[in-house]
Amino acid sequence: MQSEAELPVVMQHLVTAAADLLATGYCAYWIKDNASGHFICRAQQNAAAELCPVIEAAGFPELFHLLSEANGTLQLELADNAHLATEWNAICADLASPLLLVVPLTAHGKRIGAGLFARAANPAWDSAEQQLASQLCGLMQQKIVEDDYQKLQRELNQHVMHRTYELRLQTDELRQAQQMVQKLSEIGREITSSLDHNTIMSVVYQHLHTLIGAEVFAIGIYHADKQLIEFPGNILRGEPMLPYFRDVNDRDLLASYCVRERKEIFINDIFKEYPAYIGAAGLKRLTDQKSYAEGQPLFVPASHIYVPLILKGKISGVIAIQSTETNAFQTIHLDMAKTLSAYTAIAIDNADTYQQLAQAQKILVSQDKLAALGSLVAGVAHELNTPIGNSMLTASTLQEETQRFQVQLESSHLKRSDLQHFTQGLTEACELLMRNLHNASELVSSFKQVSADQTSQQRRQFHLAQTAQEVARTLQNSILKQGHHLTLEIPKDIVLDSYPGPLGQILTNLINNAMLHGFSGRSAGQMTIRARTLSVSQVELLFTDDGAGIPAADLRRIFDPFFTTRLGQGGSGLGLSIVHNLMTTIMGGSLEVSSTPGSGTRFCLLLPLQAPTPAPSR
């Protein structure tokens with residue numbers, strides 16, 4: 001590519017060639033300046049082009065018009081134009097009243113200047129000379145166009161290089177932004193996956209330190225009922241600080257301003273920017289001295305970022321980032337903090353909701369246990385009432401017969417037949433008493449076993465059939481009262497080394513669930529519990545009923561906590577959830593359910609004959 005310096009050299013060569021070939025006394029090329037519209041001499045015969053005056057419309061109207069408007073090659077005698085001759089003398093006084101030859105220069109379809117040739121009035125410019133002058137001007141035009149093209153190409157190349165550099169920077173920035181978004185998303189998933197406040201704060205602290213690298217990170221939890229902001233443990237240069245509180249109505253505290261106004265704070269020099277947020281008294285309270293652990297140096301932050309934790313219009317706290325350096329933070333750090341604050345607000349809300357649900361679940365489970373205890377007590381009372389009542393009737397009858405026998409004995413009217421009658425009645429009464437008291441004793445023993453097993457998770461060996469029979473006996477009153485029937489088909493030789501209490505609770509919940517949901521609004525429901533050994537280590541326990549069945553839309557949710565189709569009608573939504581948890585955790589088994597609406601429900605429980613050993617608690 002040719003350099004810009006070659007154009008003046010070529011123009012000067014063309015001027016010299018024209019002077020030799022055309023025998024001119026004056027030869028010059030005038031080019032129109034795009035900025036001013038004036039004509040400037042770019043090359044001149046026997047003199048420097050810079051010495052020529054600029055031809056502009058005001059000072060050289062005739063010459064300006066001649067260079068601007070000449071159409072085609074023009075031959076002109078100055079003797080015929082006094083005004084033009086006067087202007088010519090200012091250009092070239094050495095050649096008075098010459099014969100001029102004007103050849104226009106065009107490029108890109110526009111007039112860009114003219115070649116001006118002059119000599120004595122005689123001889124006139126012949127056609128060959130005019131053609132030669134046109135050819136020389138054509139070479140000039142070609143060079144100017146080529147030079148313009150080269151300039152344009154250089155400018156284009158420079159623009160392309162500059163634009164390429166800008167695009168590379170933008171691409172790098174975009175890549176960094178994408179990486180940052182991806183990183184923040186990963187951090188967000190990690191933050192929101194936790195349901196514990198301490199874990200949430202630990203994760204946020206860790207990532208804020210990695211991303212921003214400031215000296216202090218803090219998360220404040222806002223307690224609206226107390227109008228306080230709790231800082232459970234700030235991090236100062238990697239070391240935990242002591243907990244402290246801030247009054248949200250204190251006008252000289254940055255954290256209080258952030259929570260109260262629900263606005264972020266971005267300060268890079270607290271000593272200059274504090275009036276926008278707090279009073280001068282707040283400069284002495286930028287940190288709480290009560291929060292420093294023993295040996296921690298006093299910290300005076302100069303740069304601050306505070307971002308409120310807001311979710312669904314509710315503010316739950318604040319994130320604070322501080323540095324002792326002025327101008328320590330950039331707007332990207334504020335954007336990072338705002339993004340992490342959104343994730344943190346969600347995580348804190350999830351943790352609070354989970355704690356509320358866990359508390360509600362504990363209350364409902366406790367209520368469910370109390371209800372079960374009431375049912376158990378009612379069943380015990382009913383079952384014991386029959387044998388004890390029979391025993392009392394037999395005892396009272398025996399008492400009357402004894403008194404009658406005593407009267408006969410004292411009156412000396414006792415006959416042999418009377419003695420035989422008394423001894424026969426005594427024998428029958430004793431048999432009735434023994435039978436009824438034995439039944440009562442067995443019932444009490446069963447109730448004691450079920451009660452002990454259901455209030456503990458004591459592991460022992462037990463017969464599956466016996467445990468199921470004890471559960472069925474405790475619920476028999478409720479089953480018969482509602483007009484239903486329970487059948488047990490369990491081999492007596494199946495022995496488990498497991499937890500009879502949780503197993504009893506599982507069977508109790510399945511039976512109660514069938515009576516509450518499966519047999520709702522009807523009687524004569526049939527329930528069956530079957531068992532069979534599948535292998536040397538596993539037993540299958542089937543519970544079936546011929547009730548209403550479970551709709552397909554509800555079947556996949558029946559083990560979810562609090563899911564019930566009878567909310568407010570006796571259903572807590574915890575019965576089958578407890579069954580699932582006991583089966584998969586304590587018992588070490590699995591549970592499947594299948595149902596066809598209108599044709600009943602089938603629960604299949606797979607139990608190991610030997611329950612797994614629980615992991616040691618930490």
**Request:** Give the intermediate values and the outcome of side chain to side chain contact (heavy atoms under 4.5 Å, CB included) for residues Trp30 and Ile40.
**Result:** CA-CA 5 Å; Trp30 294 82; Ile40 300 174; 5.6 Å; no
**Item:** salt bridge (charged side-chain N to carboxylate O under 4.0 Å, His left out): pairs with one or both residues in residues 120-137, sequence neighbours excluded
**Value:** Arg119-Glu129
**Contacts of Phe64 that satisfy ring-ring contact (aromatic ring centres under 6.0 Å, His included) - sequence neighbours left out** = Phe39
**Asked** Mind checking whether His304 and Tyr306 have parallel, tilted or perpendicular rings, split at 30° and 60°?
**Response** parallel
**Asked** If you measure from the Lys or Arg side-chain nitrogens to the Asp or Glu carboxylate oxygens, is any gap between Asp250 and Arg246 under 4.0 Å?
**Response** no
**Request:** For salt bridge (Lys or Arg N to Asp or Glu O under 4.0 Å), just list the numbers for Asp147 and Lys151, CA-CA rounded to whole Å, side-chain angles, deciding distance to a tenth of an Å, and then say yes or no.
**Result:** CA-CA 6 Å; Asp147 189 69; Lys151 287 182 179 179; 3.6 Å; yes
**Message:** Exactly one of Gln142, Gln141, Glu146, Met140 should register a side chain to side chain contact (heavy atoms under 4.5 Å, CB included) with Ile144. Which one does?
**Reply:** Met140
**Intermediate values then yes/no, side chain to side chain contact (heavy atoms under 4.5 Å, CB included), Val259 and Ile315** = CA-CA 7 Å; Val259 172; Ile315 185 163; 3.8 Å; yes
**Item:** Pair listing, salt bridge (charged side-chain N to carboxylate O under 4.0 Å, His left out) test, anchored in residues 9-38, at least two apart
**Value:** none
**Item:** Parallel, tilted or perpendicular: ring planes of His223 versus Phe245, cut at 30 and 60 degrees
**Value:** tilted
**Prompt:** Is there a side chain to side chain contact (heavy atoms under 4.5 Å, CB included) between Leu253 and Ile278 once you walk through the steps?
**Reply:** CA-CA 6 Å; Leu253 297 174; Ile278 59 176; 5.7 Å; no
**Message:** With side chain to side chain contact (heavy atoms under 4.5 Å, CB included) as the criterion, how do Leu76 and Leu99 come out once you've worked through the C-alpha distance, each side chain's angles and the decisive distance to 0.1 Å?
**Reply:** CA-CA 6 Å; Leu76 182 68; Leu99 181 64; over 6 Å; no
**Message:** Strictly distance-based, threshold 3.5 Å: is any side-chain N or O of Ser256 a donor or acceptor partner for the main-chain N or O of Asp252?
**Reply:** no
**Prompt:** If you draw a 6.0 Å radius around NE2 in His108, do more than 12 non-hydrogen atoms from other residues or ligands fall strictly inside?
**Reply:** yes
**Asked** Would you say the side chains of Tyr29 and Gln44 form a donor-acceptor pair under 3.5 Å?
**Response** no
**Item:** Residue pair Leu576 / His580, side-chain heavy-atom distance below 4.5 Å
**Value:** no
**Request:** Verify whether one side chain among Gln45 and Thr16 offers a donor that lies under 3.5 Å from an acceptor in the other.
**Result:** no
**Message:** Could you check whether any side-chain N or O of Glu264 sits under 3.5 Å from a backbone N or O of Ile305, counting only pairs where one atom can act as donor and the other as acceptor?
**Reply:** no
